[in-house]
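Report on the following structure.
Both ligands and their constituent atoms are indexed starting at 1 by order of listing. One is the number of the first residue; the rest follow in order along the sequence.
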Amino acid sequence: MTEKPLTVKIPIVMTIAGSDSGGGAGIAADLKTFAALGVHGTCAITSITAQNTTGVLEAFDLTPAAVASQIEAVCADMDVKWAKTGMLASSEIVREVAKDVRKHGLSLVIDPVMAAEAGGDLLRKEAISVLIEELLPFCKVITPNASEAGVLAGIEVKTPKDAKIAARKIAGLGVETVIVTGGHLDATDLLYEAVSDTFTRIPGTFVKGGTHGSGCTYSAAMTAFLACGKSMEVAARESKKFVVEAILKSLPAGRGVNPVNPLGATLEKKERYLVLRNLKDAVLLIEESPDFSKLIPEVGCNIGMAIPGAKSYEEVAAVEGRIVKYRIRAVPVGCVEFGASKHVSSIILSALRQNPEIRAAINVKYSEKVLAACREMKLGISSFDRAEEPENASTMDWGTAEAIKKYGSVPKVIYDRGGTGKEPMIRLLGTNAIEVAKLAVELAEKLQ
Ligand SMILES: Nc1ncnc2c1ncn2[C@@H]1O[C@H](COP(=O)(O)OP(=O)(O)OP(=O)(O)O)[C@@H](O)[C@H]1O
Ligand SMILES: Cc1ncc(CO)c(N)n1
């Protein structure tokens, strides 16, 4: 019997939503979320908005035929099971989408988008009843925020108790699962499953960051997780976690509400991986050098590297337990890990505040001979004096900043001659760990 080749199928999902020219909400947020969660995202655009972080300036709705044609093109070719809707703009588009969803048997998540966070209507008032009567009965999940839930349920939603009443009322319109999102309440989402008449709180606390596109990102994440076969409750918990990270990773973009950054956490993971790989190779260079052990100070040595834009020591990787001298070799005590050295990370964080390109450092033994070799290699050198250190300052943070200030930019070498009970030290700085390791190995060879 010939075996069929194993093919891994990626879930294909669709967003039926508007375009935000500012790149924060609508299909931009949806497609970024799909990409981050490893599903293949397709789209049918309903309306093109001229929008930025301060609001919606204009909207150009597509014809229902144009929306239908996009859905048809995708569904005729690809196996789409789950889809979401966002901005639907008009009664005509809502009606068309209801028809297409039934035709293609799509399991639907509805984000009943009515207005942009920064202002601007995204669904005409007269389309609300069409949404309720013609689309809601064909959807599996709906994710209204407090004010959308209020409009759909015909009550005011100001408290978590109101959200419960509204969720039951919306389910009564023919929806299996209602999630009232808490971005405008207490940051806790309320999941209501009609079949079992159960409420599940998906708790959260308010985090600081841009929230333009948070509802789109949340409902797109729900669609992706459900397409991957997660249960409703797991999908809701994971989507909440995902949107919180996207808010935390938001970046300044315009003068208004900053857009969420659904790919921020994925990109950070990539950077962390690249840093660990670079650092591992750097440590290998040090281990293999027959000369490096001469540069190891009494307190041991460490080498570190930060991810771009690092702000805390947990974002700087170094060798756990330092690199020590064993017989004539340099030996790393542990593995390379983030948060492994407060000492080296203080040097790096202080340097990258002055120059974001400088992300790596190593500390080596101080001697006049080593310093002379640095001079011979024509490396830029600066220093600080521990005796001048202000009270309550972090030595590495202050000393590095002081040496940089004296030099006018970040030098390759920063040294200090020590103090009472403090070993003198030389630090080599550079853009990455391999670069500083090579510099250190070259320096060690010069000492021969
Ligand atoms: N500041 C915040 N801190 C933590 N979670 C938040 C915050 N803002 C929104 N969320 C979460 O984001 C998700 C989307 O909810 P939200 O109520 O903001 O939707 P929305 O109002 O439709 O969004 P949009 O801004 O796109 O219109 C929910 O899971 C909600 O709990
Ligand atoms: C196109 C579009 N869809 C949804 C929203 C809601 O955030 C928005 N601001 N713009």
> Can you list the atoms of ligand 1 that are under 4.0 Å from a heavy atom of Thr211?
Replying inline: 8 (N), 25 (O)
>> Looking at Arg102, I want to see if its CZ is surrounded by more than 12 non-hydrogen atoms of other residues, nucleotides or ligands under 6.0 Å.
In response: yes
> How far is atom 18 (O) of ligand 1 from its nearest protein heavy atom, and which residue and atom name does that atom have?
Replying inline: Ser214 OG, 3.0 Å
> Quick one: does Glu148 get an N or O within less than 3.5 Å of an N or O on ligand 1?
Replying inline: no
> More than 12 foreign heavy atoms under 6.0 Å from CD of Glu357: is that the case here?
Replying inline: no
> Under 4.0 Å from any heavy atom of Val113, which atoms of ligand 2 are there?
Replying inline: 4 (C)
>> With respect to Thr181, determine whether any N or O atom, backbone or side chain, lies less than 3.5 Å from an N or O atom of ligand 1.
In response: yes
> Can you tell if the side chain of Met232 reaches within under 4.5 Å of the side chain of Glu176, non-hydrogen atoms only?
Replying inline: no
> Can a donor-acceptor pair be found between the side chains of Ser231 and Glu233 at a distance below 3.5 Å?
Replying inline: no
>> Taking atom CZ as the centre, does Phe206 end up with more than 12 heavy-atom neighbours from other residues, nucleotides or ligands that are less than 6.0 angstrom away?
In response: yes
>> If I apply the N/O under 3.5 Å rule, does Tyr218 come out as touching ligand 1?
In response: no
>> I'd like to know whether Lys99 forms a salt bridge (Lys or Arg N to Asp or Glu O under 4.0 Å) with Glu96, so could you lay out the CA-CA distance, the side-chain angles of the two residues, the decisive distance to 0.1 Å, and finally the verdict.
In response: CA-CA 5 Å; Lys99 203 166 87 191; Glu96 181 57 54; 3.6 Å; yes
>> Quick check with a 6.0 Å cut-off and a 45 degree axis cone: is Lys342 positioned over the face of Tyr313's six-membered ring?
In response: yes
> To which protein heavy atom is atom 9 (C) of ligand 1 closest, and what is the distance rounded to 0.1 Å?
Replying inline: Gly183 CA, 3.5 Å
>> Which option wins on minimum heavy-atom distance to atom 28 (C) of ligand 1: Thr188, Asp189, Val260, Ile247?
In response: Asp189
>> Please list the nearest protein heavy atom to atom 24 (P) of ligand 1 with its residue and the distance rounded to 0.1 Å.
In response: Gly215 N, 3.5 Å
> Where is the nearest protein heavy atom to atom 20 (P) of ligand 1: which residue, which atom, and how far?
Replying inline: Asn145 ND2, 3.6 Å
> Among Thr217, Thr53, Asn258, Asp20, which residue meets the side chain to side chain donor-acceptor pair (under 3.5 Å) test with His212?
Replying inline: Asp20
>> Less than 4.5 Å apart, side chain to side chain, heavy atoms only: is that true for Asp111 and Tyr218?
In response: no
>> With the threshold set at under 4.0 angstrom, would you say His184 reaches ligand 1 through any of its heavy atoms?
In response: yes
> Is there a nitrogen or oxygen of Val244 sitting under 3.5 Å from a nitrogen or oxygen of ligand 1?
Replying inline: no
> At what distance is the nearest protein heavy atom to atom 1 (N) of ligand 1, and which residue and atom is it?
Replying inline: Val207 O, 3.1 Å
> Can you find a non-hydrogen atom of Gly213 under 4.0 Å from ligand 1?
Replying inline: yes
> To which of Leu122, Thr49, Asp20 does the heavy atom nearest atom 8 (C) of ligand 2 belong?
Replying inline: Leu122
>> With a 6.0 Å cut-off (strictly less than), is the heavy-atom count around CZ of Arg272, excluding the residue itself, greater than 12?
In response: yes
> Taking the minimum heavy-atom distance to atom 12 (O) of ligand 1, which of Val243, Leu122, Val257 ranks first?
Replying inline: Val243
> Quick one: which ligand 2 atoms are inside 4.0 Å of a heavy atom on Gly18?
Replying inline: 1 (C)
> Any heavy atom of Cys216 sitting closer than 4.0 Å to ligand 2?
Replying inline: yes
>> Quick check on contacts: which atoms of ligand 1 are under 4.0 angstrom from a heavy atom of Thr205?
In response: 3 (N), 4 (C)
> Can a non-hydrogen atom of Ala187 be found less than 4.0 Å from any atom of ligand 1?
Replying inline: yes
> With a 4.5 Å heavy-atom cut-off, do Asn302 and Asn363 have their side chains touching?
Replying inline: yes
> Just wondering, more than 12 heavy atoms not from Lys406 lying within 6.0 Å of its NZ?
Replying inline: yes
> Ala25 heavy atoms, cut-off 4.0 Å: which ligand 2 atoms fall inside?
Replying inline: 5 (C), 7 (O), 8 (C), 9 (N), 10 (N)
> Does a side chain donor of either Asp30 or Thr33 reach within less than 3.5 Å of an acceptor in the other side chain?
Replying inline: no
> Out of Met222, Lys240, Lys241, whose heavy atom sits nearest atom 11 (C) of ligand 1?
Replying inline: Lys240
> Of all residues at least two apart in sequence or in a different chain, which pass the ring pair (Phe, Tyr, Trp, His ring centres under 6.0 Å) check with Tyr192?
Replying inline: Phe199
> Relative to atom 10 (N) of ligand 2, which among Gln51, Met87, Met114 owns the nearest non-hydrogen atom?
Replying inline: Gln51
> Quick one: which ligand 2 atoms are inside 4.0 Å of a heavy atom on His212?
Replying inline: 9 (N)
> Just distances here: any N/O of Phe206 and N/O of ligand 1 closer than 3.5 Å?
Replying inline: no
> How about Pro144 and Thr181: do any of their side-chain heavy atoms sit closer than 4.5 Å?
Replying inline: no
> To the nearest 0.1 Å, how far is atom 25 (O) of ligand 1 from its closest protein heavy atom, and which atom is that?
Replying inline: Glu117 OE1, 2.8 Å
